[in-house]
Trainee: 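My structure is below; once you've seen it, I'll send some questions.
Residue numbers begin at 1 in each chain, while the letters A, B, ... track the order of the sequences.
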Amino acid sequence: MLFVEYRFLVFFIVVLGVYWALRWNVARKIWLLATSYVFYAGWDWRFLGLIIASTLLDYTVAWRLSLPRTVHRRRWLMVSVVGQLTLLGFFKYCNFFVTSLRDFLHFLGVPFQLGTLEIILPVGISFYTFQTLSYTIDVYRGTLKGTKNLLDIALFVAFFPQLVAGPILRARAFLPQLHECRRYASVDVRGCLVIFLIGFVKKACISDNLAPLVDVYFASPQTYTALSSWIGVLAYAVQIYCDFSGYSDMAIGCAGLLGYRLMLNFDFPYLARNISEFWRRWHISLSSWLRDYLYYPMVWNRGGKYFVYRGLMVTMLLGGLWHGAAWNFVIWGGLHGVALIFHREGVRLLERLRWRATLLKGLGPFLTFYWVCIAWIFFRSVGAERSWTVLKAFVLFRSDGVRELNPAWLAVIGGLAIVHWLNYILHTEAMWRKVPRLAFAAAYGIVAAIVLAFVPTTYVPFIYFQF
Amino acid sequence: MPRAHRSPETGFLGEPFKVSPFEALPGSARRIPEWLHHALCVCIFLAAFLLATALLRDLVRPADRSLVSAKLQEIEADPEGYDVLFLGNSHVYRGVDARAFDARMAELGHPVRSYNLGGQAMMFPELDFTVRALLERPPSRLSWLFLDLSFGWVIDQRNFGSGRVIWWHDLRALWLACRLVLDSGRPWTERLEFLTHHLADYASRLTNQGRGLDYVRWRLSGRGGSADELIGHDRGFQELAIGLADAADQRTRRFSAFLARYTKWVLDLSKKPTEFVPLLGEPAHRMRELLTRLEEHGIRPVLYMPPYLKNQVPQLASTASGRTETVFLFNQPACYPQLYQAEQRFDANHLNGAGARLFSTLLAEEFARSLEQTSSD
């Protein structure tokens, strides 16, 4: 059930209505948990057991870790880490490792005859395993006290607005919200409705309408001109941002209407002035997770540039691999790792260059966006050959193709960029908050009717569902 | 002007959720209860939404992402009109060459002008809607409607949400489709899923899904929607050939690779007698209704089975006028071996261009014979 479907609208209205009709916090949490499991079962009921098993594993481990008499705490943590990563590794990376090993051994001339398994990837497994891991690690570190309340943990893992595609929740931000009964009076209904609508427009109107154009180009990039490569790559950059940030916005809006606050996941990343800032604005829940649970442990108290750069590279490579079980995602991560390292070195050099530094700072957003687009080529292309074809056309303006995508798309993308930038610099929230309630309701109805007319027929699944 | 700072930890607005400034006016006492205020907001939202939706439906060009709607428009725009229309699924769309039919009919002394109104994967609900749309403004000369009986009663699940399926989902089509799903005998979970999809597509039609885009495209380029759907068609017919679509090419390659299996299927079919399967329940009722409606408009339905690999023929009871319809049966390899030769086939179930022209000729001969028999009777 996608957020942009009518089925979800009916489902959510029912969930919302019953939720606020219930008076007791426990009853509300049970209702939310049950409906979250129904939501997940709608994707594939066979994997309900998996999410419950994942929940029980980390609930048990965290409870043990929080007991004062527990010895071998590190071993208990390892149980959680190994267990969760084994689940993730088996369902997501098993075939990837087998085929990669097979190809490598064939390259060495060693015959290797192990076939791959037909494994169905459970929806959202990358998200909820990271979520549960953050809980046990925080309890191990002592930054969070483990809870005996299984209901809270189960709801933290399975909370449906963010279950299948994030934002990745942190236990220390979400669990305290479950302790107190949410009050309807404290819900910013208007804000939640606006952010949901913005997310819907991004996903259903912008991303879904760009999808056919992007698919057509990346299916056979060798047949298109260099200008078309720019259109295709820029369109993909817009598509993936609108798809993912749109989904996150809708998740934040839905959770907000239920009285729960989810973290901001995208903060105008394409307007970042450098690659480090980009990663503080793009997929914030994932990047902060990787920073806190992977990068910091690698570089903490190690000192020296080598450990920092190694930490950056390993984090980005694994971050790339998290997005998909394929080498093109690893390359994508590697490109970002290289950029982060260059940025760190570059910052020190820039301080000595003075006026040239000012110029480079002015060019920062464009250079950052350009590099991000180059990395997206590997993220989207299927196969090394196609990636290289697109890269050659995009960077070197060399292409043997003669087919052209309609140049009018550049105007569309440019228009969207201007709207995006205006939204960044203007206080648009302040404008719609001043509108009287009844007028807001009428305006919302009119805007919703117009938006629906621009939703293309045939739904396109969220890009990040493949993760 | 600097932006308001937005911290990931405090939410999307940089501050904990708060009420709007309008509501926080000091000393403002609410005169009506909060719940009533909310109810009023919901009512105003719904009223504004429905009004805007209705207005948009009138203002913007319809979402013509439907091959069939494009064909209906072409029929309506043709000043000469048509005597014969062919209606059905891909067996019609890819299998009946209207010009070849007309040429043979003219040779046999019965000149007619025909049009292929078929569409791939057309199931009964869409067929019924198409007939209704046709009868709202019937072509001036229309006398016969050829109906291919190989259609299904429940649409393919993969087609839900497409422009064409949304196009025909008006209230009556929704009701009909739901009745047929409930009568289909499928597992209840599957029926529930189908009903949900039908309701969603009806909602998509009501809310003008896709129409805004088509309107903008039409305004900017003068093209889009209907006009594009009929590129490469001749009187609604487009023959199956290599290069049409990747999926089609794969099917014909599979057909070529498994010719021996196809030959065996044809041999088995030729040994089986034709099996007349009585139509019961909802399908029978709806089919009778459709045929009666056509007759009331002075259009004679002509039923036939295409040359495909099933020996079953749906048996219809008489219509309201008491007449049992004649059915031309081409699913008999013993009688029409030439239609089952591999050279006439694109895949196991569809004819290629040459096969379509041959079939259209044979169909014309059967029809001409029945016309002569009727006039001599």
Trainee: Return the CG to CZ distance between Leu452(A) and Phe49(B), rounded to the nearest 0.5 Å.
Mentor: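 The distance works out to 5.0 Å.
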
Trainee: Kindly compute the distance separating CZ (Arg437(A)) from CG (Leu40(B)), expressed to the nearest 0.5 Å.
Mentor: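 Rounded to the nearest 0.5 Å, the CZ-CG separation comes to 10.0 Å.
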
Trainee: With no hydrogens and no angle check, do the side chains of Thr207(B) and Tyr6(A) hold a donor and an acceptor under 3.5 Å apart?
Mentor: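 Judged by distance alone, the side chains do pair up.
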
Trainee: With a 4.5 angstrom heavy-atom cut-off, could you sort out which part of Leu9(A) is near chain B: side chain, backbone, both or neither?
Mentor: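 Neither part.
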
Trainee: Under the side chain to side chain donor-acceptor pair (under 3.5 Å) rule, collect the residues that match up with Gln157(B), sequence neighbours excluded.
Mentor: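 For Gln157(B), the residues satisfying side chain to side chain donor-acceptor pair (under 3.5 Å) (neighbours in sequence not counted) are Glu193(B).
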
Trainee: Top residue by heavy-atom pair count (under 4.5 Å) with chain B, among Ala443(A), Ala408(A), Ala453(A)?
Mentor: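 So the answer, after comparing Ala443(A), Ala408(A), Ala453(A), is Ala453(A).
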
Trainee: Do other residues, nucleotides or ligands put more than 12 heavy atoms under 6.0 Å from Trp45(A) CH2?
Mentor: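 Not buried by this count: 12 neighbours or fewer within 6.0 Å.
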
Trainee: So, does Gln209(B) use its side chain to make a donor-acceptor pair with the main chain of Phe454(A) at under 3.5 Å?
Mentor: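 A pair under 3.5 Å: no.
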
Trainee: Quick check for you: to the nearest 0.5 Å, what is the distance between Thr457(A) atom OG1 and Ile166(B) atom CD1?
Mentor: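 Separation between the atoms: 5.5 Å.
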
Trainee: Which heavy-atom pair separates Ala442(A) from Ala48(B) by the least distance, and what is that distance?
Mentor: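 Closest pair (atom of Ala442(A), atom of Ala48(B), distance): O-CB, 3.3 Å.
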
Trainee: To the closest 0.5 Å, what do you measure between CD1 (Ile446(A)) and CZ (Phe45(B))?
Mentor: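 The CD1 atom of Ile446(A) sits 10.5 Å away from the CZ atom of Phe45(B).
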
Trainee: Is the Tyr184(A)-His38(B) ring centre distance short of 6.0 angstrom?
Mentor: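 For Tyr184(A) and His38(B), the ring centres are under 6.0 Å apart.
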
Trainee: When rounded to the nearest 0.5 angstrom, what distance separates CZ in Phe440(A) from SG in Cys41(B)?
Mentor: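 The distance works out to 9.5 Å.
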
